[in-house]
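Counting begins at 1 with the first residue of the sequence. Here the structure is a predicted model, which is why all the values come from computation and not from measurement.
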Amino acid sequence: MLVITLKAVLFLFVLLSCFSVGIGLIRHDYFFLAIGGLIALAVWILKLQVYKLQNDPFA
């Protein structure tokens with residue numbers, strides 16, 4: 001159940017990151033680009049967490 005919830009949050013973060021980077025590129029605003037980069041970093045960390053939970057036999 002936790003893995004499914006994390007995958008849903010991961011999907012929402014991917015959409016939010018793409019939206020933020022897109023807005024930053026359209027408006028030439030570095031704040032939105034930075035936020036998009038930080039969200040992309042959070043996506044990477046969540047992806048590693050999901051991978052770890054899927055391969056853990058004791059979880």
Inset, instruction - State, to 0.1 Å, how close Leu33 and Val21 come at their nearest heavy-atom pair, and which atoms those are. - result: CD2-O, 3.7 Å

Inset, instruction - Verify, without hydrogens or angle tests, whether Ser17 (side chain) and Gly36 (backbone) share a donor-acceptor contact under 3.5 angstrom. - result: yes

Inset, instruction - Take atom CD1 of Ile4 as the centre, draw a 6.0 Å sphere, and report whether it contains more than 12 heavy atoms from other residues, nucleotides or ligands. - result: no

Inset, instruction - Examine Leu46 and Trp44 and state if one hydrophobic cluster contains both, with Ile, Leu, Val, Met, Phe, Trp and Tyr joined whenever side-chain heavy atoms are less than 4.5 Å apart. - result: no

Legend entry - Cluster link Leu48 to Tyr51, ILVMFWY, side chain under 4.5 Å: no

Inset, instruction - Measure the spacing between NZ of Lys52 and CG of Leu6 and express it to the nearest 0.5 Å. - result: 11.0 Å

Legend entry - Flag side-chain contact, heavy atom, 4.5 Å: Ile23 against Asp29: no

Legend entry - Atom of Phe32, atom of Ser20 and distance for their closest heavy-atom approach: O-OG, 2.7 Å

Legend entry - Nearest atoms (heavy-atom pairs only) where Ile39 meets Phe13: CG2-O, 3.3 Å

Legend entry - Single-linkage hydrophobic cluster, 4.5 Å side-chain cutoff, Tyr30 and Ile35 together: no

Inset, instruction - Check whether Val50 and Leu41 end up in the same hydrophobic cluster, where Ile, Leu, Val, Met, Phe, Trp and Tyr are linked by side-chain heavy atoms less than 4.5 Å apart. - result: no

Inset, instruction - Decide yes or no for Gln49 and Gln54: does some side-chain heavy atom of the first lie under 4.5 Å from some side-chain heavy atom of the second? - result: no

Legend entry - Distance, nearest 0.5 Å, that separates NE2 of His28 from CD1 of Ile26: 9.0 Å

Legend entry - Linked, directly or transitively: Leu12 and Ile45 (ILVMFWY side chains, under 4.5 Å): no

